[in-house]
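One is the number of the first residue; the rest follow in order along the sequence. Source: prediction; values computed, not measured.
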Amino acid sequence: MEKFYTIAELEEILKLSDVTIRRYIKMGKLESQKIGRYYRIPESSVKAFLNAQGNHNEGGIIND
């Protein structure tokens, strides 16, 4: 079963602001699922984002 992250968790992991993460979701750089009012971002989407940005596991939390 795949792990899903909240925006708040990704703020810590990626060292980005809430606004930036939401912008990336809107731009399609981070795939997400909206559950009610909340976004959940699958781990595979975060890994793909990091690989595309050249930041291979910069936060050290997301393991392959």
Side-chain angles (χ1 to χ4, degrees):
M1 187 169 189
E2 184 165 26
K3 178 176 173 107
F4 285 81
Y5 294 95
T6 64
I7 289 176
E9 290 172 325
L10 288 184
E11 285 181 68
E12 273 296 310
I13 295 168
L14 301 177
K15 307 295 186 222
L16 297 172
S17 71
D18 174 87
V19 173
T20 300
I21 293 169
R22 290 178 188 276
R23 185 179 310 126
Y24 287 162
I25 289 170
K26 187 175 182 179
M27 293 170 62
K29 289 185 175 187
L30 272 172
E31 292 181 26
S32 67
Q33 294 180 2
K34 193 167 184 183
I35 302 171
R37 296 177 3 195
Y38 303 101
Y39 287 100
R40 297 293 182 258
I41 300 92
E43 185 174 42
S44 60
S45 177
V46 177
K47 287 180 181 181
F49 172 78
L50 290 173
N51 286 333
Q53 300 298 313
N55 300 326
H56 303 284
N57 202 15
E58 196 172 86
I61 295 174
I62 301 170
N63 298 314
D64 285 311

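Listed by chain and residue number, Thr6, Glu11 satisfy the side-chain contact (heavy atoms from CB on, under 4.5 Å) test with Ala8 (two or more places apart in sequence, or in another chain).
Of all the heavy atoms in Glu2 and Glu43, the pair that sits closest is OE2-N, 3.5 Å.
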Which atom pairs, donor and acceptor, lie under 3.5 Å between side-chain atoms of residues 27-40 and protein residues at least two apart or in another chain?
none

Report, one line per pair, each donor and acceptor closer than 3.5 Å where one atom sits in a side chain of residues 17-25; sequence neighbours left out.
from	atom 1	to	atom 2	distance (Å)
Ser17	OG	Thr20	N	3.1
Ser17	OG	Thr20	OG1	3.0
Asp18	OD1	Arg22	NE	3.2
Asp18	OD2	Arg22	NE	3.0

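A heavy-atom distance below 4.5 Å is not found between the side chains of Phe49 and Ile41.
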Would Leu16 and Leu10 satisfy side chain to side chain contact (heavy atoms under 4.5 Å, CB included), going step by step from the backbone distance to the final call?
-> CA-CA 8 Å; Leu16 297 172; Leu10 288 184; over 6 Å; no
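Cluster membership for Ile13 and Phe4, using ILVMFWY side-chain heavy atoms within less than 4.5 angstrom, is not shared.
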